[in-house]
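I have placed the structure first, in the form of structure tokens, so that the comments after it can refer back to it.
Positions are given from 1, in the same order as the sequence printed here.
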Amino acid sequence: MSEITDNSRNSNFFVILIPVFNDWNSLEVLLIHLEKVFENETIKAEIIAVDDASNIAIHENFISFKLTAIKKISILELRRNVGHQRAIAIGLAYIEENIACKAIIIMDGDGEDSPLDVIRLIKKCETEQYRKVVFARRSKRSEGFIFKLFYVIYKNLYKFLTGQEIRVGNFSIIPRKILCRLVAVSEIWNHYAAGVLKAKVPCTDIYSQRGKRLSGKSQMNFVQLVIHGLSAISVYADIVGIRLLFISCLLIVMSLIFILVVVGIKLLTELAIPGWTSYIVALLFIVFMQGFMLSMIFVFVVLTGRNNLGCIPKRDYRYFVLEAKEL
């Protein structure tokens, strides 16, 4: 392998950005499929695989045959494992600074994102005159019943907390001129798709069907999926904070009204009040104080979030890159 040095190449080609953690066998099969599809469509492309600090080394005979449509395969090795979302953000910032291309396609390396859908993304982007990010939206999910159940719960919770709908994932194409804006969006550090939507970047979508893994087993477990979902919600931390603040205030008002009603009945009327009512009043007072404390916490969360830009990919990506090598 040799160091990447050329930063002034012809921009009439596409870059495929693929985050990878140990999934080298799947990546190899995927690249073979991409080569065939691109060759049929006379598309030229370059591969940037972001190695998320894999603990399994890429094998020596990786892609042993000659590629024609794929002009170059490069590995961007990270210093530490940061997760798929942050690996994508780092890769985007690296491409924006070093590679002059037509557009960037983000896809997973396990084969669940179909190479045929890459062509559809490119054509849709051309139809939009390279003015919008185009996402691949799942028309049908192939996972089991339990996953689908939790996914429905997550989508409803996400909409309740943020007021937004999440229908897309990482699989997308970004025109070069939009990439220049996107690398300054700090929210993509936590969740790429949610960050794009939060930043109000022009976008559209096409329908696609999730494919099957090409090799091996998924690296994602239940805990990682939960973290992934919470990362998407965290992008809208200010909106979530405001909504929870309203709920806390509503809880305070309801508790206060009930306490005043009970006290009023006891002091201003001759109606008999059961002895356990005093315990209920004490409990409601505790709820009142907890609601008040929660509302203060949410206020500080919102204010802190608005004053904190967090990690900006364009500025900070270099801290995480160990080296960039060409296969």
Do [X] and [Y] have side chains that get closer than 4.5 Å, going by heavy atoms?
X      : Y      : result
Asp108 : Ile18  : no
Phe62  : Leu27  : yes
Leu121 : Phe171 : yes
Asn22  : Ser54  : yes
Cys203 : Val134 : no
Val82  : Phe21  : no
Glu97  : Arg318 : yes
Glu128 : Thr204 : yes

Quick test of your reading of the model: are [X] and [Y] salt-bridged, counting only N-O distances below 4.0 Å?
X      : Y      : answer
Lys314 : Glu96  : yes
Glu326 : Lys72  : yes
Glu165 : Lys159 : yes

Problem set entry | Parallel, tilted or perpendicular: rings of Phe135 and Tyr192 (30°, 60°) | tilted
Exercise. Side-chain donor-acceptor pair under 3.5 Å between Asp117 and Gln209, yes or no?
Worked result: no
Exercise. Can you tell me if Glu35 and Thr68 form a side-chain donor-acceptor pair at under 3.5 Å?
Worked result: yes
Taking [X] for the side chain and [Y] for the main chain, is one N or O donor matched with an acceptor at less than 3.5 Å?
X      : Y      : value
Glu28  : Ile63  : yes
Arg176 : Ile99  : yes
Arg181 : Ala199 : no
Arg243 : Phe160 : yes
Asp51  : Ile75  : no
Ser114 : Leu116 : yes

If you round to the nearest 0.5 Å, how far is [atom2] of [Y] from [atom1] of [X]?
X      : Y      : atom1 : atom2 : value
Ile105 : Ile122 : CD1   : CD1   : 4.0 Å
Cys125 : Ile178 : SG    : CD1   : 7.5 Å
Glu46  : Ser74  : CD    : OG    : 5.0 Å
Trp24  : Leu30  : CH2   : CG    : 12.5 Å

Exercise. In a check of side-chain contact (heavy atoms from CB on, under 4.5 Å) between Val50 and each of Leu92, Leu78, Val20, which one passes?
Worked result: Leu78
Exercise. Which atoms form the tightest heavy-atom contact between Trp189 and Arg86, and what is the distance?
Worked result: O-CG, 2.8 Å
Problem set entry | Asp113/Val118 under side chain to side chain contact (heavy atoms under 4.5 Å, CB included): CA gap, chis, key distance, verdict | CA-CA 8 Å; Asp113 296 333; Val118 172; over 6 Å; no
Problem set entry | Cluster link Val261 to Ile286, ILVMFWY, side chain under 4.5 Å | no
Problem set entry | Transitive ILVMFWY side-chain link Leu157 to Tyr154, under 4.5 Å | yes
Problem set entry | Phe14 six-ring centre to Lys44 NZ/CZ under 6.0 Å and within 45° of normal | no
Exercise. Yes or no on side-chain hydrogen bond (donor to acceptor under 3.5 Å, both in side chains) for Tyr236 and Glu187, after CA distance, side-chain angles and deciding distance?
Worked result: CA-CA 9 Å; Tyr236 292 92; Glu187 288 86 354; over 6 Å; no
Exercise. Is Asn40 atom CG crowded by more than 12 heavy atoms from other residues, nucleotides or ligands, each under 6.0 Å away?
Worked result: yes
